[in-house]
Amino acid sequence: MTTRPAADSRILLAVAEGEILAVRVDAAGVEVQRHELRPADLADWVRRVEAEERPRWIIRSARTVYAPLLAAGVHLTRTHDLLLCHAILRDTDAVARPLAPSADWMPREPDVGEPGLFAAVDSPHAESVDDLLAQTQEQFRVIAADRRGRLALLCAAESAGGLIAEEMRAAGLPWDAEVHDGILTEVLGARPAGGGLPAKMAAAADAVRFHLGDPHLHLDSHVKLLRALHRVGVNVESTSQWELSAISHPVIAPLLAYKKLSRLMSANGWAWLAEWVRDGRFRPVYIPGGVVTGRWASAGGGALQLPRMLRPAVRADPGWTLVVADVAQLEPRMLAAMSSDTAMAQAARGQDLYAGVVSSGAVATREEAKYAVLGAMYGATTGDSGRLVPRLRRVYPRAMHLVDAAARTGEDGGVVSTWLGRSSPRPGPDWDAEQAAASGADAEPAAVKRARARARERGRFTRNFVVQGTAAEWALIWLAEIRHRLRMLPVAETPATASGPFAHHAHLAFFLHDEVILHVPAEHADAAAEAVREAAAVATARMFGSFPIDVPLDLRVVQSAEK
DNA sequence: CTCAACAGCGCG
DNA sequence: AAAGCGCGCTGTTGAG
């Protein structure tokens with residue numbers, strides 16, 4: 001293959017057993033030139049071409065193609081991830097003729113491996129080069145059909161997300177097992193040598209059993225616990241903490257304490273530590289686009305549910321530092337921008353949107369503002385939150401119209417889309433039948449009630465979809481721009497971290513919807529922090545042009561991620 | 001025994 | 001002060 005400089009080159013990598021083809025394609029995805037490679041030569045060849053011309057690599061999926069390249073020390077700047085983009089372009093409502101669905105392009109279960117661990121991710125899979133080319137051409141056609149260029153931006157960002165997910169897994173989140181162990185010992189009590197419960201947990205359990213008058217009660221059984229509570233006059237319908245916490249009875253305090261400790265022990269206790277933290281790193285499996293709204297999901301280790309209590313265990317290596325950044329109230333800010341609601345954008349000026357809502361006179365207190373805004377985006381109809389929503393409708397009519405319209409579309413069985421064109425799933429096959437059965441004059445009251453409940457449920461989903469999904473898009477561009485800027489930093493003098501592709505270089509280490517943690521050589525801390533700020537500004541501008549919406553960051557440069 | 005549903009709770 | 005959205009994981013329960 002030639003080494004001519006190409007400002008905008010695209011190369012498809014078709015990786016199959018024993019044979020690899022690199023196919024240069026044009027802007028329509030049509031083959032221009034093909035080059036055969038031996039597997040042993042792949043990494044060096046890609047490294048060289050990447051350095052010479054930075055093409056957009058067209059790959060089946062980052063999972064199958066990039067992970068092994070990364071392990072060989074090869075960094076890709078730009079890709080088009082056919083698997084991730086298939087899901088977007090197949091469902092999008094932004095063009096008249098979206099991508100034809102194909103089972104070959106669905107994420108698939110692995111043939112073997114740990115059960116459940118890698119659900120919904122792509123397995124190693126060979127597709128013929130002709131299939132890959134045909135799929136590329138179809139995807140490029142759909143992207144080009146979107147004259148606003150939003151699908152192009154979304155696919156580029158989604159593909160970058162695929163790369164970042166693999167890189168974060170390869171790098172891992174720096175995790176201090178001793179700090180984690182210390183927290184467990186402090187909160188739960190000393191770890192018993194021969195199994196059994198830690199001291200403080202055992203004490204809480206004994207106190208509960210004493211107050212319930214049953215020395216052998218099994219506290220992890222909801223059914224038995226509920227019966228025991230009823231016996232002593234605690235008449236709750238469930239054993240959930242919000243219901244229990246409203247009751248005044250001596251058993252409540254130790255029971256809530258036990259539940260809290262028990263949760264920590266089973267979800268993130270010593271067993272979790274032994275299974276998920278190796279060589280000072282927590283390596284979860286991220287699944288970009290794993291949620292229908294475009295948010296990431298994860299598999300294994302509960303990466304997106306790490307309790308705040310354990311945050312201090314996230315510690316930078318010696319000579320390194322963490323840059324921790326999150327966005328305050330990302331979703332309502334996205335709503336203000338999407339709807340061009342200048343009054344809501346005005347309320348969003350500065351760090352605290354809820355304070356701005358109070359200033360606008362819509363509600364009296366910050367707490368009311370919070371419940372009203374969340375209720376507006378989630379579709380609350382009852383309770384204090386539902387009561388406050390109409391006040392927002394008067395002050396922010398454009399923003400409220402956008403979410404109300406999304407809800408109505410969903411209730412009618414329609415499809416809604418995010419700002420960049422990710423569309424909600426169609427209703428299931430039984431939707432039409434259920435709604436039709438409820439519309440006839442002779443419909444049974446129970447069927448009518450059920451159908452209306454289902455319709456409202458779907459309306460709440462589509463109402464939230466447009467906001468949550470657009471926030472996910474902003475976050476994706478933010479991530480991609482952070483990655484791009486970190487890559488520009490020089491190799492550090494700072495001592496290397498343990499190993500891996502980022503042993504000498506600042507990298508993303510964690511991502512959670514609207515929050516990032518970077519692991520950075522100390523000498524680059526300020527530059528990395530600035531990169532995070534710049535990336536946020538760029539994400540906002542890419543999405544909304546010149547519309548004046550603030551997306552402020554809470555950003556800290558720290559040794560440990562505790563707040 | 002395995003499997004799926006559920007309850008409950010962690011995160012945004 | 002609420003019970004409105006999206007997830008993953010653990011442990012229990014009940015069905016086969």
Side-chain angles (χ1 to χ4, degrees), chain A residues 115-117 119-120 218-226 236-246 255-256 258-269 271-272 275-276 284-287 289-311 326-332 334-335 363-389 392 403 406-407 410 416 418 424-425 456-472 475 510-516:
Chain A
L117 257 190
H218 182 43
L219 298 183
D220 296 333
S221 165
H222 311 125
V223 178
K224 291 172 185 163
L225 179 58
L226 203 54
V236 285
E237 284 185 20
S238 76
T239 64
S240 61
Q241 47 181 313
W242 70 266
E243 194 178 352
L244 289 172
S245 58
L255 178 52
L256 290 177
Y258 173 82
K259 287 166 81 78
K260 195 146 198 86
L261 302 186
S262 167
R263 165 79 194 187
L264 177 63
M265 175 77 174
S266 66
N268 297 100
W272 181 92
E275 184 177 356
W276 289 102
V285 177
Y286 293 97
I287 305 174
V291 181
V292 284
T293 57
R295 273 188 173 181
W296 288 19
S298 71
L304 307 188
Q305 309 140 247
L306 291 174
R308 305 193 74 82
M309 190 190 290
L310 290 179
R311 283 301 195 89
D326 67 87
V327 187
Q329 306 120 8
L330 178 58
E331 292 184 3
M334 296 295 104
L335 174 56
V363 294
T365 67
R366 189 179 183 281
E367 282 297 286
E368 283 187 339
K370 185 174 169 182
Y371 284 121
V373 168
L374 290 176
M377 294 189 303
Y378 292 163
T381 54
T382 61
D384 288 345
S385 182
R387 182 174 54 77
L388 291 165
V389 172
L392 294 188
V403 285
V416 297
T418 61
S424 64
R456 276 195 293 266
E457 193 178 308
R458 188 158 187 281
R460 289 194 300 273
F461 167 65
T462 51
R463 170 190 292 271
N464 188 247
F465 181 95
V466 295
V467 180
Q468 186 184 118
T470 300
F510 189 68
F511 169 54
L512 179 55
H513 308 319
D514 59 5
E515 170 181 7
V516 293

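Just so it is clear: chains get the letters A, B, ... in the order the sequence lines come, proteins before strands, and each one is counted from 1.
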Contact class for [X] vs. all strands (heavy atom < 4.0 Å): base, sugar-phosphate, or nothing?
{"X": "A:Ser240", "answer": "sugar-phosphate"}
{"X": "A:Thr365", "answer": "base"}
{"X": "A:Arg308", "answer": "sugar-phosphate"}
{"X": "A:Trp242", "answer": "base"}
{"X": "A:Leu306", "answer": "sugar-phosphate"}
{"X": "A:Arg263", "answer": "base"}
{"X": "A:Asp514", "answer": "sugar-phosphate"}

Checklist line | Ionic contact status for A:Glu515 with A:Arg311, cut-off 4.0 Å | finding: yes
What is the distance, rounded to the nearest whole Å, between atom [atom1] of [X] and atom [atom2] of [N]?
{"X": "A:Tyr286", "N": "B:dC11", "atom1": "OH", "atom2": "P", "result": "16 Å"}
{"X": "A:Gln468", "N": "C:dG6", "atom1": "CD", "atom2": "P", "result": "8 Å"}
{"X": "A:Leu374", "N": "B:dG12", "atom1": "CG", "atom2": "C1'", "result": "11 Å"}
{"X": "A:Tyr378", "N": "C:dG6", "atom1": "OH", "atom2": "P", "result": "10 Å"}
{"X": "A:Trp272", "N": "B:dG10", "atom1": "CH2", "atom2": "C1'", "result": "13 Å"}
{"X": "A:Trp276", "N": "C:dT10", "atom1": "CH2", "atom2": "P", "result": "9 Å"}
{"X": "A:Tyr258", "N": "B:dG8", "atom1": "OH", "atom2": "C1'", "result": "13 Å"}
{"X": "A:Leu225", "N": "B:dC9", "atom1": "CG", "atom2": "P", "result": "11 Å"}

Under 4.0 Å: is that the gap between some side-chain N or O of [X] and OP1 or OP2 of [N]?
{"X": "A:Lys260", "N": "B:dG10", "answer": "yes"}
{"X": "A:Thr382", "N": "C:dA3", "answer": "yes"}
{"X": "A:Lys259", "N": "B:dG8", "answer": "no"}
{"X": "A:His513", "N": "C:dC7", "answer": "no"}
{"X": "A:Ser266", "N": "C:dC9", "answer": "no"}
{"X": "A:Gln241", "N": "B:dG10", "answer": "yes"}

Next item on the list: Locate the shortest heavy-atom distance separating A:Pro425 from A:Arg458; write the atom from each residue and the value.
Entry: O-NH2, 2.9 Å
Tell me which nucleotide among [options] gets nearest to the side chain of [X].
{"X": "A:Leu512", "options": "B:dC11, C:dC5, C:dT13", "answer": "B:dC11"}
{"X": "A:Gln305", "options": "C:dT13, B:dG8, C:dG8", "answer": "C:dG8"}
{"X": "A:Glu515", "options": "C:dT13, C:dA1, B:dG12", "answer": "B:dG12"}
{"X": "A:Glu367", "options": "C:dC5, B:dG10, C:dA1", "answer": "C:dA1"}
{"X": "A:Asp220", "options": "C:dA1, B:dG8, C:dT12", "answer": "C:dT12"}
{"X": "A:Glu368", "options": "B:dC11, C:dA1, C:dG8", "answer": "C:dA1"}
{"X": "A:Lys224", "options": "C:dG6, C:dC5, C:dT13", "answer": "C:dT13"}
{"X": "A:Phe461", "options": "B:dG8, C:dC5, C:dA1", "answer": "C:dC5"}
{"X": "A:Asn464", "options": "C:dG11, C:dA1, C:dC5", "answer": "C:dC5"}

Hey, does the side chain of [X] reach the backbone of [Y] with a donor-acceptor pair shorter than 3.5 angstrom?
{"X": "A:Ser424", "Y": "A:Val416", "answer": "yes"}
{"X": "A:Thr470", "Y": "A:Val467", "answer": "no"}
{"X": "A:Lys259", "Y": "A:Ser240", "answer": "no"}
{"X": "A:Arg463", "Y": "A:Tyr378", "answer": "no"}

Check: Does any N or O donor sit under 3.5 Å from an N or O acceptor when you compare the side chain of A:Arg295 with the base of B:dG12?
Finding: yes
Next item on the list: Using the side chain to side chain contact (heavy atoms under 4.5 Å, CB included) rule, pick out the option among A:Arg460, A:Glu331, A:Met334 that qualifies with A:Met377.
Entry: A:Glu331
Next item on the list: Find the partner of C:dT12: check Watson-Crick (N1-N3 plus N6-O4 or O6-N4) and G-U wobble (N1-O2, O6-N3) distances, both under 3.5 Å, and reply none if neither fits.
Entry: B:dA5
Check: For A:Glu243 and A:Thr293, take the nucleotide of DNA chain C holding the closest heavy atom to each; which residue's nucleotide lies nearer the 5' end?
Finding: A:Glu243
Note to self: If you assign each of A:Gly375 and A:His218 to its closest nucleotide in DNA chain C, which residue comes earlier from the 5' end?
What the structure shows: A:Gly375
Check: Between A:Leu219 and A:Tyr258, is any pair of side-chain heavy atoms under 4.5 Å apart?
Finding: yes
